[in-house]
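A short worksheet on the structure shown next.
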Amino acid sequence: MPALKLHDTLTRTDRETTPLDGKTLRFYCCGPTVYGPAHIGNFRTFVAQDVMRRVVEASGTPTLHVRNITDVDDKTIRDSQKAGQTLTAFTQGWTQKFHTDCAALNLLPPHIEPSAVAHISQQVAMIEKLIAGGHAYAAPDGSVYFRVSSYKDYGKLSHLEDRELRLGASEAASATDSDEYTKDSLTDFALWKARKPEDGENFWPSPWGEGRPGWHLECSAMILEYLGEDFDLHSGGVDLIFPHHENEIAQSCCSTHGHFAHHWMHVAHLMVDGGKMSKSIGNLYTLEDLAQRGYSAMEVRYVLISGHYRAPLNFTMHSLDSARQALQKLAKADKALATVSPALPEAKSAGPFQEAWETLLNDLNVPGATGAIFGVLNKLKPAALSAEEATAARNGLHFMLQALGLTLPVLADEAATDVPADIQALAQQRWDAKQAKDWAAADTLRKELEAAGWLIKDSKEGFTVVAK
RNA sequence: GGCGAGGUAGCAAAGUGGUAAUGCACUGGUCUGCAAAACCGGUAUGCGCGGGUUCAAUUCCCGCCCUCGCCUCCA
């Protein structure tokens with residue numbers, strides 16, 4: 001099978017994702033900082049990465065997926081103290097919540113999920129190498145900084161080479177910040193942060209004194225540990241391009257002989273009601289928020305993949321309704337095929353959905369692929385298909401669903417929900433009225449049932465009651 | 001100011017040098033006492049604006065306008 005072609009942020013071209021070792025696609029995703037529940041914007045990135053992984057695997061290439069947990073930084077320390085918990089207890093709680101949400105969204109768990117706190121020694125070792133190589137220096141207060149001027153390719157990914165010449169207003173302001181005075185250059189960034197009183201019990205020993213690692217360093221150190229000096233692909237949200245990924249490249253390339261990531265995937269941001277998500281506007285939704293409004297995680301997933309991952313996507317409540325209907329439509333199509341081909345679908349190849357599959361291989365064009373799926377489905381007449389044709393179609397449909405990570409909702413009329421006796425009695429009353437051609441009474445009863453949340457479906461032989 | 005991503009029907013969102021997938025919504029029909037469900041249809045002469053190239057541009061080129069993001073922690 002042909003390999004996935006994926007846009008590469010560094011070269012700004014679409015390139016095939018062929019494993020360096022010819023076998024396994026080894027990739028790293030910047031994971032969550034666990035100081036609260038992740039919101040749907042965070043999940044857009046993780047869902048896009050999940051689709052990427054699924055497509056690679058569906059095309060026959062195994063993956064090695066590493067995604068970190070950031071469990072030490074200003075926010076985790078600050079909020080754990082507010083919560084009156086140890087950093088470990090606090091971050092473990094939110095890590096668990098993250099895992100629950102990931103499972104609900106049908107995200108494949110990473111093969112390795114390293115925590116920053118568990119890799120302090122690797123981070124210290126990397127700093128030592130950087131200092132030895134003249135790429136880093138310890139400041140008088142015990143902090144260690146990376147010397148950006150020592151790495152000539154700095155800025156290559158974000159195309160901010162001449163950044164120092166064009167310092168933004170906010171940065172000029174921070175130059176006077178007492179926190180920054182020990183740096184040789186404004187652009188140098190912290191590898192190690194000297195212990196401060198507000199860090200509480202959260203510090204570790206190092207050759208430069210007690211302190212904690214800088215945020216950028218953890219990814220570099222854990223990548224080296226689990227993926228080595230060269231690996232296939234690195235992914236994250238667009239906002240990480242600068243400075244986070246730029247800094248990772250600098251740290252890693254200056255402390256090893258490798259080329260670090262050979263391919264960069266960045267996922268565009270999710271917007272809400274046309275604007276940026278922010279706590280102050282109150283449009284930061286979590287899965288729990290949406291569950292309270294009656295939307296399933298799978299419906300959220302559908303929305304999150306309904307736009308191309310490199311274009312901003314606007315999230316609205318209406319888009320969730322739309323997703324619900326789309327998923328229902330897929331479930332109904334599957335059900336219709338299942339009447340001709342009842343066996344468990346195998347999902348090994350795209351079958352009649354080849355066009356959709358190829359669209360997906362072209363830089364993960366999910367909206368194009370789902371469009372192609374519906375296009376085929378709309379023309380398909382399950383009843384007219386032979387058992388073989390139906391089986392091929394059903395297998396193909398499930399192959400695509402698996403690649404997209406979609407699971408089908410249970411249709412209302414299959415849900416076997418218990419209809420309360422009083423509802424059932426009302427429905428029977430209505431049926432009787434209908435048989436007696438007392439249309440007014442029948443309609444009144446139907447409205448009553450609808451108000452109670454139940455729908456009536458009539459057929460020649462009788463009726464069924466279905467939850468609304 | 002620099003870098004980047006976008007502007008396509010009511011909403012969302014693909015795509016192509018030859019006159020626009022798909023989902024939702026809306027709507028016509030079949031069916032039904034009427035509905036629902038199902039099935040069969042319809043719905044952008046138009047793809048931010050202005051030029052240019054071309055037999056032909058929404059699609060290429062130039063300019064402009066607007067939106068969003070990054071340049072400080074951020075998926």
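Here is the naming used below: chain letters follow the sequence lines, and residue numbers restart at 1 for every chain.
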Short side-chain N/O contact to [N] OP1/OP2 from [X], under 4.0 Å:
X	N	answer
N365(A)	A14(B)	no
R324(A)	G23(B)	no
K329(A)	G23(B)	yes
N362(A)	G15(B)	no

Between [options], which one does the side chain of [X] approach most closely?
X	options	value
L240(A)	A37(B), G69(B), A75(B)	A75(B)
K434(A)	A75(B), G33(B), A12(B)	G33(B)
P243(A)	C73(B), A12(B), C70(B)	C73(B)
K332(A)	A25(B), A38(B), A14(B)	A38(B)
Q325(A)	A25(B), G33(B), A12(B)	A25(B)
D443(A)	G33(B), A25(B), A75(B)	G33(B)

Practice problem: State whether the distance check finds a donor on one side and an acceptor on the other, under 3.5 Å, for side chain R446(A) versus base A36(B). | Solution: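 Side chain to base: no pair below 3.5 Å.
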Quiz item: Under 3.5 Å, is there a donor-acceptor pair between the side chain of D50(A) and the main chain of L108(A)?
Solution: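 It does hold such a pair.
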Quiz item: With Watson-Crick and G-U wobble geometry limited to distances under 3.5 Å, how should the secondary structure of RNA chain B be encoded in dot-bracket form, using | for bases paired to another strand and [ ] for crossing pairs?
Solution: (((((((..(((.........))).(((((.......))))).....(((((.......))))))))))))....
Self-check item: Derivation and outcome, side-chain hydrogen bond (donor to acceptor under 3.5 Å, both in side chains), residues T9(A) and H266(A)
Solution: CA-CA 7 Å; T9(A) 310; H266(A) 287 103; 2.7 Å; yes
Quiz prompt | Inter-nucleotide C1' distance (U53(B), U45(B)), Å rounded | solution =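 The answer is 23 Å between these two C1' atoms.
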Self-check item: Sidechain N-carboxylate O distance under 4.0 Å for K97(A), D101(A)
Solution: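 Counted as a salt bridge, because a side-chain N and a carboxylate O are separated by less than 4.0 Å.
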